[in-house]
There are 2 protein chains.
Amino acid sequence: MSIENEIAAPHLKDDGQRHRAADNVFQHVVELIDSGVLAEGAPLPSEREISETCAVSRTVVREAVLALSNKGLIDARPGYRPIVRKANYDTAFETVDSVVSRLLMQPGGIRNLFDTRIMIEASLVRQAAAEAGKNDIAALQNALNANEAAIDDSERFYQTDIAFHAALFEVPQNPLMPAIHKAYTSWLAPQWSRMPRLPDRNRSNFIAHKEIFDAILMRDPDRAEQALRNHLAAAWTQVEQSFDES
Amino acid sequence: MSIENEIAAPHLKDDGQRHRAADNVFQHVVELIDSGVLAEGAPLPSEREISETCAVSRTVVREAVLALSNKGLIDARPGYRPIVRKANYDTAFETVDSVVSRLLMQPGGIRNLFDTRIMIEASLVRQAAAEAGKNDIAALQNALNANEAAIDDSERFYQTDIAFHAALFEVPQNPLMPAIHKAYTSWLAPQWSRMPRLPDRNRSNFIAHKEIFDAILMRDPDRAEQALRNHLAAAWTQVEQSFDES
DNA sequence: TGCTTCGTTTGGTCTGACCAAAACAGATTA
DNA sequence: TAATCTGTTTTGGTCAGACCAAACGAAGCA
């Protein structure tokens with residue numbers, strides 16, 4: 001109870017940067033995670049314990065834990081012990097969720113997001129048309145079949161629709177892409193859900209999917225891109241209509 | 001001092017969801033911002049004041065403020081009054097910064113991110129080639145000129161290089177795109193900065209820029225995309241080399 | 001073995017206090 | 001009058017100790 005007190009010594013204003021004590025605790029926990037002392041899924045030490053080992057008050061520990069939670073490094077459901085969370089690409093998008101939803105509120109926000117999606121997915125289908133392997137084709141075929149089988153069940157159609165696009169995002173075998181797709185669907189879902197589900201719309205959407213797939217099969221990037229753009233443009237029109245109605 | 005106490009009443013376990021008191025304060029401040037009571041750039045009420053109006057302790061207010069800060073809704077430099085921050089697309093990317101940097105550490109992380117950039121920018125130059133307006137062309141031409149003029153000044157070349165790509169991201173007139181570009185450059189900058197700056201590399205990079213620009217000028221999407229891909233692939237090779245050396 | 005029970009741990013909140021830095025207002029000076 | 005210095009007040013950052021309710025865990029019971 002003599003050595004470790006240096007840490008708590010509050011008299012020195014650290015060189016250039018402002019360091020709140022919470023930042024140190026934050027860093028400390030991060031290092032625990034990086035060094036493997038705290039494995040993925042493991043619960044953090046209790047707040048009281050951390051406050052002891054870091055020689056700070058529990059207030060500070062709470063701040064650090066909250067920051068950890070907000071940054072998606074740990075999973076802190078209220079009432080439960082915080083759990084160390086593996087840093088994957090999905091969590092990155094989840095942490096921006098609240099900001100994004102605010103951005104989508106402002107005029108044109110949804111359109112802007114949707115446009116980037118068109119952009120990415122256009123590039124995606126081009127690439128798929130150029131270099132999709134057998135497995136990719138098979139996955140797309142399966143997704144397409146499931147989509148066709150669900151034409152009369154709007155709820156299932158919605159799911160298989162998403163799954164078809166998801167299959168596209170799998171083609172580059174880049175773990176970022178599925179995360180991006182997930183983010184798009186979750187952010188744009190509120191707009192989709194207000195659309196009426198009509199079987200003939202399902203049919204036309206399925207046809208659009210099929211055109212994309214066929215173009216990929218024929219290794220025709222231009223046609224694939226065009227089909228994709230038509231498809232998404234049509235989807236946007238439907239969303240806009242449901243906006244006008246409300 | 002009688003009515004508002006209902007809020008503080010801690011006896012009822014709210015229906016389904018867990019609500020920490022901090023969430024209420026969080027929400028309260030968010031509404032203050034949305035309703036315009038707190039304009040952009042305005043300082044928040046003091047913690048003590050908020051704790052009074054919300055009938056909670058300062059502890060809770062601090063937690064809420066910290067959460068606001070972590071989500072990028074306010075700008076809370078330590079020691080200063082928190083400032084309401086306009087929700088723009090840049091802040092969205094900034095809030096993921098710490099998570100992303102951790103993701104980039106893991107094997108292949110940088111490559112995966114870089115690949116998505118190639119994807120987006122490929123789509124970008126295609127679009128530019130297809131529908132860039134006079135202003136876009138002029139902006140690109142200016143950026144290209146500045147780039148050429150800086151060939152012998154590696155530091156300035158680096159800046160104009162970024163500026164050229166930035167001009168590309170401006171073409172769609174989608175406010176998300178410049179933010180995306182900014183995020184890419186800031187995340188990939190650490191890799192770039194370790195590269196040796198050689199004038200002949202500058203020259204070849206400039207030539208690559210010129211090829212992209214010329215293809216756009218000739219409204220040739222395929223050539224533009226190919227030039228862009230070659231350019232970025234070469235850039236990646238350079239990065240890889242500097243990796244091997246270290 | 002499976003389930004209930006009851007003390008313990010732990011997160012969430014509150015109170016009240018202290019310090020140093022920032023903001024402010026007033027006096028002083030150029 | 002404008003700029004500067006100075007002292008007071010406000011405010012954020014931190015601490016200590018306390019209470020509650022829910023989660024946890026182990027002992028006890030069926």
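All chains are named by letter (A, B, ...) in the order of the sequence lines, taking the proteins before the strands, and each is independently numbered beginning at 1.
Atom CG of L66(B) and atom P of dT13(C) are 14 Å apart (whole Å). Straight-line distance from the CD atom of E52(A) to the C1' atom of dA16(D): 14 Å, rounded to whole Å. Atom CD of E63(B) is separated from atom P of dG12(D) by 16 Å (rounded to the nearest Å). We find that CD1 of I83(A) is positioned 13 Å from C1' of dT10(C), with the value rounded to whole Å. When the P atom of dG11(C) is taken as reference, atom CG of D23(B) falls 17 Å away, rounded to whole Å. The separation between R62(B) atom CZ and dT15(C) atom C1' is 16 Å, rounded to whole Å. Rounded to an integer number of Å, the gap from CG of N24(A) to P of dC15(D) is 11 Å. I50(A) places its CD1 atom 15 Å from the C1' atom of dT9(C), with the value rounded to the nearest Å.
The side chain of R81(B) sits closest to dT11(D) out of dT11(D), dG13(D), dT13(C). The nucleotide whose nearest atom lies closest to any side-chain atom of S57(A) is, among dA23(C), dC15(D), dG13(D), dC15(D). Distance from the side chain of Y80(B) is smallest for dA23(C) among the nucleotides dT14(D), dG11(C), dA23(C).
Nearer to the 5' terminus of DNA chain D, by closest-nucleotide assignment, is the contact made by E47(B) (compared with the other of R48(A) and E47(B)). When each of A76(B) and T59(B) is assigned the nucleotide of DNA chain D with its nearest heavy atom, A76(B) is the one assigned upstream, toward the 5' end.
Contact between L124(B) and P172(B) at its shortest, heavy atoms only, is CD1-CG, 3.4 Å.
Atom CG in N174(B) sits 4.0 Å away from atom CG in N112(A) (nearest 0.5 Å). How far CZ of F164(A) is from CG of N205(A): 11.0 Å, rounded to the nearest 0.5 Å.
Contact annotation for V65(B): no contact, since no heavy-atom pair falls under 4.0 Å across all strands.
For the pair R111(A) and F114(A), the cation-pi test (distance below 6.0 Å, angle within 45°) is failed.
Below the 3.5 angstrom threshold, one finds no donor paired with an acceptor across the side chain of R77(A) and the base of dG11(C). Within 3.5 Å, a donor on the side chain of R58(B) pairs with an acceptor on the base of dT14(D), or the reverse.
For the side-chain contact (heavy atoms from CB on, under 4.5 Å) criterion with L68(B), the lone passing option out of V29(B), V25(B), V84(B), D75(B) is V29(B).
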